[in-house]
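Predicted model, so just to flag it, every value in this text is computed and none were measured. Throughout, residue positions are numbered sequentially from 1 according to the sequence presented.
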Amino acid sequence: MKYRTFGNTGLKVSVLGFGAMRLPTIDGETGRINEEEAIKMIRFAIDRGVNYIDTAWPYHDGNSEVLVGKALKDGYREKAMVATKLPVWSVEKIEDADEILDKQLEKLDLEYIDFYLLHALNKNSWAKMKKLNILEWLEKAREEGKIKHIGFSFHDEYRVFKEIVDAYSWDFCQIQYNYLDTEYQAGKKGLQYAHDKGLAVVIMEPLRGGLLAGEAPAEVKRIMKENNINNSMADLALQWLWNQKEISVVLSGMSTMEQVKENILSATFSAVNSLTLDEIDIIEEIAEKMRGPVSCTRCAYCMPCPNGVNIPENFYLYNTAKLFDNFEDNQKRYHEMEEDNRAVNCIKCAQCEELCPQNLPIMNLLEEVAAYFNG
Ligand code: SF4
Ligand code: SF4
């Protein structure tokens with residue numbers, strides 16, 4: 001495993017972090033984690049040097065933190081650090097934060113949390129947190145020994161990102177960044193800004209919800225072949241990130257042992273400035289071919305839809321159909337979904353749109369998807 005210094009904290013953190021938001025499940029139910037397999041995967045990663053485990057209050061319907069706590073029994077706690085997050089959308093008064101943090105320590109069964117983040121800050125939630133004096137509260141939690149390092153994860157424009165970075169001496173931040181999203185949200189500019197201010201930067205969505213890890217579209221395959229690039233798609237996306245010195249940890253939400261092994265192997269070969277300028281140009285060329293029409297990361301924050309629509313799955317099928325020029329297979333998969341799950345069942349209640357960290361116009365996009373697949 002390779003390690004990098006975590007901002008000004010001086011900690012040495014593995015370049016690969018284990019994201020516990022897409023753990024293996026039973027019968028595809030997000031809240032029913034396949035515990036035996038998930039614990040095996042996390043421990044396998046820790047045994048090979050991964051020392052950053054990222055979870056959060058809502059992951060797997062609240063069960064991810066409990067699972068991570070179990071995985072860290074039997075001596076694994078001493079070998080790994082844990083990140084979890086305050087669900088700012090559930091905090092209306094400061095006592096709510098107290099209650100949630102205590103509950104998280106209980107769920108994780110830990111004395112303290114190594115890295116504590118305000119989860120998914122944006123303009124509105126940051127304004128709400130400021131009103132509640134959340135920074136004072138975070139410092140108090142640190143003095144009480146409940147948390148060690150303070151950070152935030154982020155989904156909004158660069159301008160808001162800069163304002164938040166400037167508001168406090170954060171230890172770290174977590175941003176969405178991959179070779180498709182360099183100008184999106186905090187983006188490349190935000191990465192540089194945070195790094196220059198001494199924050200460690202943790203990367204989420206390195207594979208854009210799996211889009212950058214699947215089979216390459218024909219045009220991308222051609223570019224890779226012409227340029228003798230033999231990496232897997234996932235490895236290419238990860239090496240592009242690790243090439244940048246401003247990045248401390250890349251989180252990967254791993255669902256299978258095979259992915260764990262592949263990612264660990266990729267991390268082993270990672271290095272700052274390992275890519276040539278030509279290779280970086282080729283990846284930019286690939287990015288041009290990989291941008292699907294809907295920038296959905298499949299985070300599922302918009303779910304559940306009260307009318308049963310499976311929002312991320314509809315966008316995934318639409319993107320896949322367009323990117324791979326494969327209408328038939330994806331239309332078939334669309335019709336194989338339960339009837340309620342299909343885009344056509346959106347009744348435009350608008351509940352989902354305010355929950356989407358990508359600010360997608362979900363209702364209009366679903367209409368587009370329905371018109372495409374339903375004809
Ligand atoms: S707007 Fe449509 S997709 Fe969104 S929550 Fe309402 S019914 Fe579901
Ligand atoms: S529509 Fe938005 S909230 Fe829903 S899965 Fe996609 S990116 Fe996430």
Side-chain angles (χ1 to χ4, degrees), residues 1-3 13-56 59-60 63-64 67-68 70-72 74 76 79-80 83 178-180 202-217 220-221 224-225 229-242 249-271 274 283 286 290 297-300 312-313 316-317 319-320 323-324 326 329 333:
M1 183 51 57
K2 298 274 178 73
Y3 297 87
V13 173
S14 55
V15 291
L16 176 67
F18 198 118
M21 77 292 281
R22 294 189 179 106
L23 295 167
T25 53
I26 296 166
D27 296 336
E29 287 177 39
T30 181
R32 289 179 68 202
I33 300 170
N34 179 339
E35 288 202 0
E36 197 186 330
E37 185 61 14
I39 290 172
K40 205 160 85 183
M41 285 161 52
I42 293 174
R43 291 184 175 180
F44 181 92
I46 295 174
D47 285 339
R48 277 141 193 91
V50 171
N51 67 359
Y52 191 103
I53 315 292
D54 176 79
T55 180
Y59 294 168
H60 288 286
N63 295 326
S64 171
L67 185 283
V68 167
K70 288 182 184 171
L72 293 178
D74 304 329
Y76 281 85
K79 300 179 201 164
N178 54 62
Y179 69 68
L180 296 187
V202 177
I203 300 300
M204 59 181 154
E205 297 293 356
L207 305 176
R208 183 63 111 62
L211 182 72
L212 301 182
E215 205 200 328
V220 171
K221 279 188 186 155
M224 290 174 77
K225 194 165 172 217
I229 295 179
N230 299 313
N231 313 51
S232 69
M233 287 295 281
D235 182 57
L236 194 68
L238 294 171
Q239 299 304 347
W240 180 86
L241 289 165
W242 285 319
V249 182
V250 175
L251 296 177
S252 177
M254 297 175 249
S255 307
T256 63
M257 186 59 100
E258 201 188 334
Q259 288 169 358
V260 177
K261 289 179 181 169
E262 279 173 15
N263 285 343
I264 289 172
L265 189 64
S266 290
T268 311
F269 290 110
S270 70
S274 65
I283 293 174
I286 290 171
M290 288 297 294
T297 63
R298 301 175 86 186
C299 67
E313 185 63 12
Y316 178 74
L317 294 178
N319 274 340
T320 314
L323 276 172
F324 293 88
N326 185 347
D329 284 353
R333 284 179 63 186

Check side chain to side chain donor-acceptor pair (under 3.5 Å) between Asn319 and all other residues, then give those that pass, not counting sequence neighbours.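 Applying side chain to side chain donor-acceptor pair (under 3.5 Å) to Asn319 gives none.
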For this session: Quick one: list whatever passes side chain to side chain donor-acceptor pair (under 3.5 Å) with Asn51, sequence neighbours left out.
Result: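 For Asn51, the residues satisfying side chain to side chain donor-acceptor pair (under 3.5 Å) (neighbours in sequence not counted) are Ser14.
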### Query
Who pairs with Thr268 by side chain to side chain contact (heavy atoms under 4.5 Å, CB included), at least two apart in sequence or on another chain?
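With sequence neighbours excluded, Thr268 shows a side chain to side chain contact (heavy atoms under 4.5 Å, CB included) to Ile264, given in chain and number order.
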So [Y] and [X], do their side chains get closer than 4.5 Å, heavy atoms only?
X: Leu211; Y: Leu180; answer: yes
X: Arg333; Y: Asp329; answer: no
X: Arg48; Y: Met1; answer: no
X: Met254; Y: Leu16; answer: yes
X: Leu238; Y: Phe269; answer: no
X: Pro24; Y: Met41; answer: yes
X: Glu313; Y: Arg298; answer: yes
X: Leu236; Y: Ile286; answer: yes

- Message: Atom NZ of residue position Lys221 - does it have more than 12 heavy atoms of other residues, nucleotides or ligands inside 6.0 Å?
- Response: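 Enclosed.
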Hey, is NZ on Lys79 packed in by over 12 heavy atoms from elsewhere, all under 6.0 Å?
->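 Check passes, neighbour count above 12.
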Spell out, as yes or no, whether a donor-acceptor pair under 3.5 Å connects the side chain of [X] to the backbone of [Y].
X: His60; Y: Ile33; result: no
X: Trp240; Y: Ile283; result: no
X: Tyr316; Y: Gly209; result: no
X: Glu35; Y: Leu67; result: no

Between [X] and [Y], what is the shortest heavy-atom contact and its length?
X: Ser232; Y: Asp235; answer: OG-N, 3.1 Å
X: Ala267; Y: Lys2; answer: O-CG, 3.4 Å
X: Asn63; Y: Gly31; answer: ND2-O, 2.7 Å
X: Glu215; Y: Phe324; answer: O-CZ, 2.8 Å
X: Pro206; Y: Val250; answer: CB-CG1, 3.6 Å
X: Lys70; Y: Arg43; answer: O-NH2, 3.2 Å

As an exercise, state the distance from [atom1] of [X] to [atom2] of [Y], rounded to the nearest 0.5 Å.
X: Ile203; Y: Asn178; atom1: CD1; atom2: CG; value: 9.0 Å
X: Leu23; Y: Thr256; atom1: CG; atom2: OG1; value: 11.5 Å
X: Asp27; Y: Asn34; atom1: CG; atom2: CG; value: 10.5 Å
X: Tyr59; Y: Cys299; atom1: OH; atom2: SG; value: 9.0 Å
X: Asn263; Y: Leu207; atom1: CG; atom2: CG; value: 7.0 Å
X: Asn326; Y: Thr320; atom1: CG; atom2: OG1; value: 9.0 Å

Exercise for review: Just do the side chain to side chain contact (heavy atoms under 4.5 Å, CB included) check on Val260 and Val50 with the steps written out, would you?
Suggested key: CA-CA 10 Å; Val260 177; Val50 171; over 6 Å; no
Does this structure show an ion pair linking Lys261 with Glu258, if we count only N-O contacts that are shorter than 4.0 Å?
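Result for this pair is no, no salt bridge flagged.
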For this session: Determine, for Arg22 against Glu205, whether the closest basic-nitrogen to carboxylate-oxygen distance falls under 4.0 angstrom.
Result: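 Answer for the salt bridge query: yes.
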Just do the side chain to side chain contact (heavy atoms under 4.5 Å, CB included) check on Met21 and Ser64 with the steps written out, would you?
CA-CA 7 Å; Met21 77 292 281; Ser64 171; over 6 Å; no
Carefully, step by step, assess Asp47 and Tyr76 under the rule side chain to side chain contact (heavy atoms under 4.5 Å, CB included). CA-CA 9 Å; Asp47 285 339; Tyr76 281 85; 3.1 Å; yes
>> Please evaluate residues Val220 and Met233 with respect to the criterion side chain to side chain contact (heavy atoms under 4.5 Å, CB included), reporting the C-alpha separation (whole Å), side-chain torsions for both, the decisive distance (0.1 Å), and the verdict.
In response: CA-CA 10 Å; Val220 171; Met233 287 295 281; 4.1 Å; yes
